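These notes are about the structure you will find just below.
Ligands are counted one by one from 1 in listed order, and the atoms in each one are counted from 1 as well. The structure presented is a predicted model; accordingly, all values stated were derived computationally and were not measured.
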Amino acid sequence: MKMKRFLITGGAGFIGSAVVRRLLGTTDHQVLVVDKLTYAGNLESLVSVSSDPRYGFERADITDATAMRRILSEFSPDVMMHLAAESHVDRSIDGPGEFIQTNIVGTYVLLQAALEHWRGLTAERKSGFRFHHISTDEVFGSLGPTGFFYEDTAYQPNSPYSASKAASDHLVRAWHHTYGLPVVMTNCSNNYGPFHFPEKLIPLTIINALEGKPLPVYGTGENIRDWLHVEDHAEALFQVAERGTLGESYNIGGHNEHTNISVVRAICALLDELAPNDAIGPREKLITFVTDRPGHDARYAIDAAKIERELGWKPRHTFESGLRQTVQWYLDNKLWWERVRSGVYRGERLGVAV
Ligand code: NAD
């Protein structure tokens, strides 16, 4: 495989760091991470690859047009994978401004910088260049008890987060159709796995249950999410970045639909088995139902037939094996999440919109 130069925005985040580990671990490509290091960015998620001479890091804000132009001109990427975003729905309810700035304005700034860079490339490099925009299935809104999201499902975002991601998807599509920028796009279901910031359901539940703290479940816990292991997502992203058809979008999902309450119960059972604690007792009794998230989407489910058919991608982890591996990872990597937790976020409830 020809060596390429990959620029990864948001590479210090949960999914971005999995992509960087995948790229440096199994290819000859060079990687430059561009990340502002917000509360969600963590260079400790990249320690396993940061001494690789093919790895580089730039601390920069994607809304900073001057910085983006400079970085693109210095690094001269063949592939840009855009993952930098504000990503937590609850935070978008409390403070949508940052989501508008990073997810919409930041994507616009990056597209303009990418366009300028792409136009200046030699014909050969120009034809190989691609801008890969990473997005979420939440742009499609909420499903009833049946049906799936397809690539051509109409957009109907319900939260400030999903609306900002939907806007960014539209910008990327428009830069392809209007200016010819070579883009590929992906929309993925909920991810879980190692290095997940402990404000999201799975890591928050693991850590609270481990420590015998209450396990908050929104509403009745019947909301359904389609879970995908982050390493399966990283693999899918790599395949799309390398081989996806320009101008196309691909849905990525695990065919792993679970209610939130069943996910929390499964984590309780795994911790009772892997880290029994007599003082805490059975973890299920820590479950506490709390006021639902305003506008909480009922169900997400992805039809991932297109990426399987066209690129041969299929998830490797089952939810059962992936969740067990994830719980074990949090047990083995206490230092990572204790350091994360000692920063700005201390596990408090966010996003009640009062
Ligand atoms: P994350 O919050 O863990 O990481 C986001 C990263 O972006 C962080 O490292 C942060 O420092 C960086 N960042 C934020 N604002 C920035 C800015 N203005 N400039 C530069 N860097 C900035 O998010 P994640 O869960 O890894 O998600 C990555 C991408 O995948 C996002 O675009 C998200 O919308 C999308 N996505 C996430 C999921 C999921 O389940 N987590 C599912 C589908 C799609």
Could you list, one pair per line, each nitrogen or oxygen of ligand 1 together with any protein nitrogen or oxygen closer than 3.5 Å, giving atom names and the distance rounded to 0.1 Å?
residue	atom	partner	partner atom	Å
ligand 1	2 (O)	Ser87	OG	2.7
ligand 1	3 (O)	Phe14	N	3.0
ligand 1	9 (O)	Gly13	N	3.0
ligand 1	9 (O)	Asp35	OD1	3.2
ligand 1	9 (O)	Asp35	OD2	2.6
ligand 1	11 (O)	Asp35	OD1	2.5
ligand 1	11 (O)	Leu37	N	3.4
ligand 1	11 (O)	Thr38	N	3.0
ligand 1	11 (O)	Thr38	OG1	3.1
ligand 1	18 (N)	Asp61	OD1	2.9
ligand 1	18 (N)	Thr102	OG1	3.0
ligand 1	19 (N)	Ile62	N	3.0
ligand 1	21 (N)	Lys36	N	3.0
ligand 1	23 (O)	Ser87	OG	3.3
ligand 1	26 (O)	Phe14	N	3.2
ligand 1	26 (O)	Ile15	N	2.7
ligand 1	32 (O)	Leu83	O	3.1
ligand 1	32 (O)	Lys165	NZ	2.6
ligand 1	34 (O)	Tyr161	OH	2.7
ligand 1	34 (O)	Lys165	NZ	3.1
ligand 1	40 (O)	Asn191	N	2.8

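- For the atom pair CG (Asp226) and CZ (Arg299), the distance works out to 8.5 Å, reported to the nearest 0.5 Å.
- Ion pairing between a basic and an acidic side chain is recognised when a charged N comes within 4.0 Å of a carboxylate O; Glu98 and Arg91 show no such pairing.
- Under the ring pair (Phe, Tyr, Trp, His ring centres under 6.0 Å) criterion, Trp329 pairs with Phe195, Trp336, sequence neighbours left out.
- At a threshold of 4.0 Å, the pair Glu199-Arg341 does not count as salt-bridged, since none of the basic side-chain nitrogens sits closer than that to a carboxylate oxygen.
- Exactly one of Asp137, Asp169, Thr136 qualifies for a side-chain hydrogen bond (donor to acceptor under 3.5 Å, both in side chains) with Asn187. That residue is Asp169.
- A salt bridge links Arg283 to Asp272: at least one charged side-chain nitrogen sits closer than 4.0 Å to a carboxylate oxygen.
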